*Asks:* 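A single structure is presented below for examination.
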Amino acid sequence: MYFRNAAFTLLLTASTILGSTIKGRNCGTTITPEQVKAAEAHFLANKVTSLTALAAAPIDVYFHVIQSGTTLAGGNVPDSQIASQIAVLNKDYASTGRSFVLKATTRTTSADWFNNAGPGTSQQTAMKNALRQGGAAALNVYSVGFKSSASSGLLGYATFPSSYRSAPKDDGVVFLYSSLPGGTTTNYNGGQTLTHEVGHWVGLYHTFQGGCTGAGDSVADTPPEASPASGCPIGRDTCSGGGVDPIHNYMDYSYDSCMNQFTPGQTTRLNSQMATYRGV
C-alpha cells in the first residue's frame with residue numbers, strides 16, 4: 001500500500017498455541033478502510049499494466065535465517081527446508097506466471113532477533129537494516145521464532161509493494177521458522193504461510209478484506225467473505241450472494257492443506273501491482 005511509513009503490515013497471528021500446535025489464526029492489521037481507500041486511489045492513478053505474466057523474470061529470494069543457537073528448535077533450519085519452501089512458492093504461484101529463485105541464504109545467530117523481532121520492534125528494524133539485499137523487486141524473507149509475549153502466536157507479516165518507496169529497508173516478509181515445509185507447527189507446516197505472506201508482498205489483500213460489503217479485496221472473482229476461515233470448512237458461506245467462501249484461496253486463513261488457489265483476478269492484480277510498484 002502507498003503510505004508514508006512502513007508500519008502498515010499484514011499480520012498472521014495464532015490465537016492459541018499449545019506446544020507447536022496452532023489453533024486458528026487472527027489478523028492484526030493496522031490498515032483502516034480509509035487507508036485502503038487511499039491506497040487503491042493511488043494505485044488507480046498510477047497503475048501500470050504488466051507484461052504478460054509468462055514473460056516475467058524469476059523473483060530473486062534472499063532468505064535470512066535468524067537463529068538463537070545451533071539447534072532446529074532454535075531456528076537453525078536446514079538448507080533442505082529452504083529448498084522445499086522455494087519449491088512450494090513456485091508450485092503455488094505457477095498459475096500466476098510468477099516464479100522464484102533462491103539468490104542467497106544468510107545465517108545470523110541472535111537470540112534477541114530470533115525471540116523479539118516483530119512488527120514495529122527495534123529488533124526487526126535492526127535485523128532488516130543489517131540484512132536486506134537487492135532492490136524493489138527482490139524478495140527478502142526472515143525466519144524467526146516469535147518468542148516474546150508481544151509476538152507469541154504470530155505466523156508472519158509482510159509489507160505491500162507500494163510501501164517500498166517510502167521505506168525500502170523495511171520491505172519484505174518475516175515469518176515463523178517452524179511453518180516451513182516439514183516444520184513443527186501443526187496444520188501450518190506445508191509452506192503456505194510464506195505463500196500467503198508473499199501474496200501481500202505482491203499486492204493482494206485477504207479474501208475477507210472489507211467483509212460482505214464494499215470493494216472487499218478489490219478482486220472481482222473472489223467471493224465476498226465476512227470473516228477468515230479456519231480449518232477447511234467446505235461449503236462455508238458467510239455472505240449472501242456471490243458464491244461460497246473462498247476457503248481454498250491462499251489469501252484466506254485456512255489450514256495449509258486446504259489452500260490451493262489464486263484466481264485469475266488475483267493474478268491480474270498482483271502482476272499490475274508488481275509492475276506499478278516494483279518495476280517487474
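In this text, all values refer to a predicted model and were calculated from it rather than measured experimentally.
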*Asks:* Can you hop from Val244 to Phe208 via hydrophobic side chains spaced under 4.5 Å?
*Replies:* no
*Asks:* Quick one: closest heavy-atom pair of Gly182 and Gln81, and the distance?
*Replies:*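 Looks like C-NE2, 3.5 Å.
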*Asks:* Checking the side chain of Ser179 only, and the main-chain atoms of Phe175 only, is there a donor and an acceptor separated by less than 3.5 Å?
*Replies:* no
*Asks:* Linking I/L/V/M/F/W/Y whenever any side-chain heavy atoms sit under 4.5 Å apart, do Phe262 and Val88 land together?
*Replies:*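 The answer is no; the residues belong to distinct hydrophobic clusters.
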*Asks:* Have Gln133 and Asn140 got a donor and an acceptor in their side chains that come within less than 3.5 Å?
*Replies:* no
*Asks:* Are Met259 and Ile247 connected in a single hydrophobic cluster, I mean Ile/Leu/Val/Met/Phe/Trp/Tyr linked by side-chain heavy atoms less than 4.5 Å apart?
*Replies:* no
*Asks:* Do other residues, nucleotides or ligands put more than 12 heavy atoms under 6.0 Å from Lys47 NZ?
*Replies:* no
*Asks:* Going by distance alone, is a donor N or O of one side chain under 3.5 Å from an acceptor N or O of the other, for Arg236 and Ser227?
*Replies:* yes
*Asks:* Between Asp170 and Gln124, does a side-chain hydrogen bond (donor to acceptor under 3.5 Å, both in side chains) hold up when you go through it step by step?
*Replies:* CA-CA 9 Å; Asp170 192 50; Gln124 79 110 29; 3.3 Å; yes
*Asks:* If you define the side chain from C-beta out and look only at heavy atoms, does anything of Val219 sit under 4.5 Å from Thr263?
*Replies:*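 A side-chain contact exists here, since the closest heavy-atom pair is under 4.5 Å.
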*Asks:* Return yes if a side-chain donor-acceptor contact under 3.5 Å exists between Ser148 and Ser151, otherwise no.
*Replies:*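 On atom types as modelled, these side chains qualify, holding a pair under 3.5 Å.
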*Asks:* Can you name the closest pair of heavy atoms from Val77 and Leu180 and give their distance?
*Replies:*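 Scanning both residues, the minimum pair turns out to be CG1-CD1, 3.7 Å.
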*Asks:* Taking side chain as C-beta onward, heavy atoms only, is Met127 less than 4.5 Å from Val144?
*Replies:* yes
*Asks:* Looking only at atom types and distance, does a side-chain atom of Thr276 sit under 3.5 Å from a main-chain N or O of Ser272, one as donor and one as acceptor?
*Replies:* yes
*Asks:* Does Thr125 reach the main-chain N or O of Thr121 with its side chain, forming a donor-acceptor pair under 3.5 Å?
*Replies:* yes
*Asks:* Does a side-chain heavy-atom distance below 4.5 Å link Leu204 with Arg269?
*Replies:*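 With C-beta onward as the side chain, the pair touches.
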*Asks:* Between the side chains of His42 and Tyr277, does any donor sit under 3.5 Å from an acceptor?
*Replies:*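 Yes, Tyr277 and His42 have a side-chain donor paired with an acceptor closer than 3.5 Å.
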*Asks:* Assign the ring pair Tyr177 / Phe114 to parallel, tilted or perpendicular, where the plane angle (0 to 90°) is split at 30° and 60°.
*Replies:* tilted
*Asks:* Is it true that the side chains of Asp217 and Gln266 contain a donor and an acceptor less than 3.5 Å apart?
*Replies:*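 Their side chains do not contain a donor-acceptor pair, so the 3.5 Å distance test is not met.
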*Asks:* Is a donor on one side and an acceptor on the other found under 3.5 Å between the side chain of Asp252 and the backbone of Ser254?
*Replies:*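 No.
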*Asks:* So do Leu72 and Pro78 actually touch side chain to side chain, heavy atoms under 4.5 Å?
*Replies:* yes
*Asks:* Output the distance between atom CG (Leu131) and atom OH (Tyr62), rounded to the nearest 0.5 Å.
*Replies:*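 Reported to 0.5 Å precision, the distance equals 13.0 Å.
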*Asks:* Taking all non-hydrogen atoms of both residues into account, name the closest pair between Phe63 and Leu102 and its distance.
*Replies:*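 Looks like CB-CD1, 3.8 Å.
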*Asks:* Considering only NZ, NE, NH1 and NH2 on the basic side and carboxylate oxygens on the acidic side, decide whether Arg278 and Asp171 come within less than 4.0 Å.
*Replies:* yes
*Asks:* Nearest 0.5 Å, please: how far is CG in Asn129 from OG in Ser122?
*Replies:*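 So the gap between those two atoms works out to 11.0 Å.
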*Asks:* State whether a side-chain donor-acceptor pair under 3.5 Å links Arg98 with Asn90.
*Replies:* no
*Asks:* Tell me whether Asn271 contacts the main-chain N or O of Thr96 through its side chain, where contact means a donor paired with an acceptor under 3.5 Å.
*Replies:*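 Yes: the side chain of Asn271 pairs with the backbone of Thr96.
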*Asks:* Between OG1 of Thr195 and CG of Leu89, what distance do you get to the nearest 0.5 Å?
*Replies:* 5.0 Å
*Asks:* Where the side chain of Thr109 meets the backbone of Ser68, is there a donor-acceptor pair that is under 3.5 Å apart?
*Replies:*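 Checking the backbone N and O of Ser68 against the side chain of Thr109, no donor-acceptor pair under 3.5 Å is found.
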*Asks:* Rounded at 0.5 Å granularity, tell me how far OH in Tyr188 sits from OG in Ser257.
*Replies:*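 Here the rounded value is 9.0 Å.
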*Asks:* Side chains of Val65 and Thr106: does their closest heavy-atom pair fall under 4.5 Å?
*Replies:*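 No, their side chains stay 4.5 Å or more apart.
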*Asks:* Between Ala138 and Arg132, what is the shortest heavy-atom contact and its length?
*Replies:* O-NH2, 3.1 Å
*Asks:* Could you walk me through whether Tyr253 and Glu225 pass the side-chain hydrogen bond (donor to acceptor under 3.5 Å, both in side chains) test, one step at a time?
*Replies:* CA-CA 11 Å; Tyr253 274 7; Glu225 187 177 23; over 6 Å; no
*Asks:* Given Cys258 and His248, is the side chain to side chain contact (heavy atoms under 4.5 Å, CB included) satisfied, shown in steps?
*Replies:* CA-CA 5 Å; Cys258 192; His248 298 297; 3.5 Å; yes
*Asks:* Any chance the side chains of Ser178 and Thr185 put a donor and an acceptor closer than 3.5 Å?
*Replies:*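 Judged by distance alone, the side chains do pair up.
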*Asks:* Would Ser143 and His64 satisfy side chain to side chain contact (heavy atoms under 4.5 Å, CB included), going step by step from the backbone distance to the final call?
*Replies:* CA-CA 6 Å; Ser143 61; His64 306 291; over 6 Å; no
*Asks:* Taking all non-hydrogen atoms of both residues, which atom of Pro223 and which atom of Gly243 are closest, and how far apart?
*Replies:* CB-O, 3.9 Å
*Asks:* Are the side chains of Leu139 and Val198 in touch, meaning some heavy atoms are under 4.5 Å apart?
*Replies:* yes
*Asks:* For atom NZ of Lys37, decide whether the heavy atoms of other residues, nucleotides or ligands shown that lie under 6.0 angstrom number more than 12.
*Replies:*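 Counting neighbours around NZ of Lys37, 12 or fewer heavy atoms of other residues, nucleotides or ligands fall under 6.0 Å, so no.
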*Asks:* How long is the straight-line distance from OH of Tyr93 back to OG of Ser99, given to the nearest 0.5 Å?
*Replies:* 12.5 Å
*Asks:* Run the numbers on Ile59 and Val101 for side chain to side chain contact (heavy atoms under 4.5 Å, CB included), then give the verdict.
*Replies:* CA-CA 6 Å; Ile59 295 169; Val101 60; over 6 Å; no
*Asks:* Are Tyr142 and Val173 close enough that some pair of their side-chain heavy atoms sits under 4.5 Å apart?
*Replies:* no
*Asks:* Is there a donor-acceptor contact under 3.5 Å linking the side chains of Tyr250 and Glu197?
*Replies:* no
*Asks:* Ignoring hydrogens and geometry, is there a side-chain-to-backbone donor-acceptor pair from Gln85 to Gly191 under 3.5 Å?
*Replies:*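 Checked: pair present.
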*Asks:* Write down the atom of Tyr205, the atom of Ala39, and the distance for their closest heavy-atom approach.
*Replies:*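 Distance-wise, the nearest heavy atoms are OH-CB, 4.2 Å.
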*Asks:* To the nearest 0.5 Å, tell me how far Thr108 OG1 sits from Ile66 CD1.
*Replies:*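 One finds 4.5 Å between OG1 of Thr108 and CD1 of Ile66.
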*Asks:* Evaluate the criterion side chain to side chain contact (heavy atoms under 4.5 Å, CB included) for residue pair Val141 and Leu194; output intermediate values, then yes/no.
*Replies:* CA-CA 9 Å; Val141 303; Leu194 192 57; 4.0 Å; yes
*Asks:* Looking at side-chain heavy atoms only, is the closest gap between Met274 and Trp201 below 4.5 Å?
*Replies:* yes
*Asks:* With no hydrogens and no angle check, do the side chains of Thr238 and Asp245 hold a donor and an acceptor under 3.5 Å apart?
*Replies:*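 On atom types as modelled, these side chains qualify, holding a pair under 3.5 Å.
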